[in-house]
Number of protein chains: 2
Amino acid sequence: MTSDQAAPPQYQKIAIHLGEMIKCGEYQAGDRLPSESEVMAQFAVSRGTARQALAVLQAQGLAQAAVGRGVFVREQRPSRRIASDRYQHEVGQIITRGVSPHEPATSFAKDHRIGSDEYRLDKHFQEIQSNDELAKLFGLNAGEPVLERRFVFYAKDTPQQMSRSYVLLRLVGGTPVADPANEPWPGGNIAQLATLGIIVSRVEESVAARMPLQDEATMLHIPTGVPVLTIARRMLAGPDRDEVVEVANIVIPADRIVLDYTINLDVWPDPVQTLYTSGGRAAGT
Amino acid sequence: MTSDQAAPPQYQKIAIHLGEMIKCGEYQAGDRLPSESEVMAQFAVSRGTARQALAVLQAQGLAQAAVGRGVFVREQRPSRRIASDRYQHEVGQIITRGVSPHEPATSFAKDHRIGSDEYRLDKHFQEIQSNDELAKLFGLNAGEPVLERRFVFYAKDTPQQMSRSYVLLRLVGGTPVADPANEPWPGGNIAQLATLGIIVSRVEESVAARMPLQDEATMLHIPTGVPVLTIARRMLAGPDRDEVVEVANIVIPADRIVLDYTINLDVWPDPVQTLYTSGGRAAGT
DNA sequence: CAGTGGTCTAGACCACGCT
DNA sequence: GCGTGGTCTAGACCACTGT
């Protein structure tokens with residue numbers, strides 16, 4: 001085995017070459033890359049190959065084409081951050097101000113660092129029977145009626161995320177929570193449930209990533225080469241923090257967001273002593 | 001404005017058509033999709049268009065091509081789960097058993113539900129000067145010497161994730177932690193730091209998603225249309241849980257993994273009373 | 001109007017996998 | 001050997017963008 005390496009195809013060489021120029025900063029974010037004709041001339045290839053090279057960069061999320069204008073280097077920095085701390089902050093709001101809507105800003109507006117008047121959301125409420133998947137998440141039998149709430153969030157007219165939230169109809173039926181006109185709810189989801197006497201004490205989030213579905217790409221204006229982050233969220237209440245009161249599926253384009261999670265660990269009261277009495281060895285600080 | 005809808009191009013129609021058949025279950029995971037020639041015949045298009053249609057499905061992560069065999073529907077279920085609870089469990093191990101290596105299995109092996117003998121890792125240690133980015137994460141001046149530890153994890157010879165971990169050289173220099181031969185460390189990262197007297201009390205993770213870089217795709221065998229999840233992890237210690245003792249960047253192909261986070265909220269002791277006396281604040285737990 | 005990317009065609013040669 | 005996908009060429013027409 002002297003050389004297993006097959007020579008990379010032309011279009012890949014070109015893509016790697018341009019990719020390195022981007023990495024090195026010779027093309028900055030927003031700069032126009034060589035056009036198809038320019039690539040054809042520069043590398044002596046046909047248009048198909050030139051296009052393929054530029055397509056690679058787009059699939060990698062490094063570049064984005066604009067008809068009639070050219071191919072441009074994409075911005076790479078995610079700007080928004082969504083922190084798990086937000087939930088504790090929402091609880092804090094309720095504790096200090098009660099459940100009345102004193103605070104117009106929601107977590108969403110805060111995440112975007114925009115005023116609460118600069119965003120809007122499309123909403124669509126619907127009563128449905130829970131299917132097997134939903135029933136399993138709630139821990140009850142399929143067929144239980146639930147309220148499905150679909151949202152699409154916009155910040156300054158740009159769609160930012162879509163979500164489907166599910167709550168048990170027997171808990172929210174006939175209450176203000178079931179009225180779309182009350183969304184966005186001041187103080188957020190936890191405050192909303194608090195008005196019903198439901199005290200959320202645990203939130204579980206399952207995070208995954210995949211390429212967007214066709215309708216997601218359309219609705220959220222997701223360019224090629226950009227995946228979505230999906231969050232399956234469960235809000236729990238009750239004395240044992242095990243009663244599922246809300247389930248939500250959230251889809252967010254991954255090119256502008258980072259999810260921050262803080263995990264505080266319960267550490268024993270006197271570490272040094274515990275280490276020595278349990279057979280371990282350690283140097284104290 | 002009667003119809004803004006431009007007719008979708010042929011290749012997209014075909015892609016949508018095939019995509020719906022996958023969604024409806026007419027093509028199951030592992031099934032072979034129509035070959036390029038079959039698509040050409042079925043839809044009366046040239047080979048280029050047929051290829052483009054099939055390429056769409058691959059870019060969406062729905063299908064994967066295999067030379068000489070065909071295009072196949074990809075498995076969609078993520079199998080592994082990585083839970084934030086793992087850190088608390090690692091702490092529990094130390095509390096009950098001390099810092100000695102009683103427990104050969106690491107979190108990684110547990111995540112994969114494989115024996116600790118079924119995985120291995122490539123490791124590469126290196127002493128470097130911290131750059132601006134690293135220094136900022138650690139909260140100290142650039143140039144501070146750090147130990148960079150690069151890992152690639154394999155489960156049954158399949159690469160699963162790669163990571164770069166950074167620890168301050170003045171804390172680990174000359175200790176067993178700086179010796180690659182001791183990896184994988186029994187009990188995991190937190191146990192490792194515990195042997196140095198460092199008690200990790202907080203973990204912060206920043207999760208994002210993007211398409212893989214070329215070398216990541218190569219090293220982790222990532223097929224087209226599969227993004228990666230990136231985790232920037234900071235381990236904190238000290239009385240105020242604010243001293244950064246380890247920083248790590250983790251890259252995981254997103255097609256087989258879900259990240260589970262649990263957020264426990266501090267709720268006031270008597271919700272009803274607090275609600276009615278609104279304006280009061282509660283004692284934390 | 002000239003230049004851009006988007007779509008589509010009709011060929012060609014290649015390496016790979018199965019039989 | 002035959003069918004598969006991978007690469008590459010040389011053309012064509014189109015819609016869009018800028019000046």
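Here A:S37 reaches the OP1 or OP2 of C:dT4: one of its side-chain N or O atoms lies under 4.0 Å away. Between A:R51 and the phosphate of C:dG6, there is a side-chain N or O to OP1/OP2 separation shorter than 4.0 Å. Look at B:S46 and you won't find any side-chain N or O under 4.0 angstrom from OP1 or OP2 of C:dA10. For D:dG3, neither phosphate oxygen OP1 nor OP2 lies less than 4.0 angstrom from any side-chain nitrogen or oxygen of B:S35. Proximity of A:Y11 to the phosphate of D:dC8: no side-chain N or O atom is located under 4.0 Å from OP1 or OP2.
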* Please lay out, stage by stage, how B:R233 and B:E246 fare under the test salt bridge (charged side-chain N to carboxylate O under 4.0 Å, His left out). => CA-CA 8 Å; B:R233 185 183 68 192; B:E246 193 240 13; 3.2 Å; yes
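The CE atom of B:M40 sits 14 Å away from the P atom of C:dC8 (whole-angstrom rounding). For A:Q64 and C:dT4, the CD to C1' distance is 15 Å, given to the nearest whole Å. The distance from atom CZ of A:F72 to atom C1' of C:dT4 is 9 Å, rounded to the nearest whole Å. Whole-Å rounding puts the B:Q10 CD to C:dA10 P distance at 12 Å. Put simply, CD on B:Q52 is 15 Å from C1' on D:dG6, counting in whole angstrom units. Following rounding to the nearest Å, A:E36 (CD) and D:dG11 (P) show an atom-to-atom distance of 17 Å. In this structure, B:R32 places its CZ atom 16 Å from P of C:dG17, rounding to the nearest Å. Taking atom CD of B:E38 as the reference point, atom C1' of D:dC2 lies 14 Å away to the nearest angstrom.
In terms of position on DNA chain D, the residue among A:R47 and B:L54 whose nearest nucleotide sits closer to the 5' end is B:L54. For the pair A:V45 and A:G68, both in contact range of DNA chain D, the more 5′-proximal nearest nucleotide belongs to A:V45.
Taking only side-chain atoms of B:T49, from C-beta outward, the nucleotide of C:dG6, C:dT7, C:dT9 with the closest atom is C:dT9. The side chain of B:P9 has C:dC8 as its nearest neighbour among C:dC8, D:dG6, D:dT7. Listed candidates were C:dT7, D:dT17, D:dT9. Nearest to the side chain of A:R69 is D:dT17.
In this structure, B:R256 and B:Q160 have side chains that are in contact, with non-hydrogen atoms separated by less than 4.5 Å. When side chains are defined from C-beta on, B:I22 counts as touching B:L33, because their heavy atoms get closer than 4.5 Å.
Donor-acceptor pairing under 3.5 Å is lacking for the side chains of A:R150 and A:Q126.
Between A:F43 and A:H17, the angle of the ring planes goes over 60°, which puts this pair in the perpendicular group of the 30/60° scheme.
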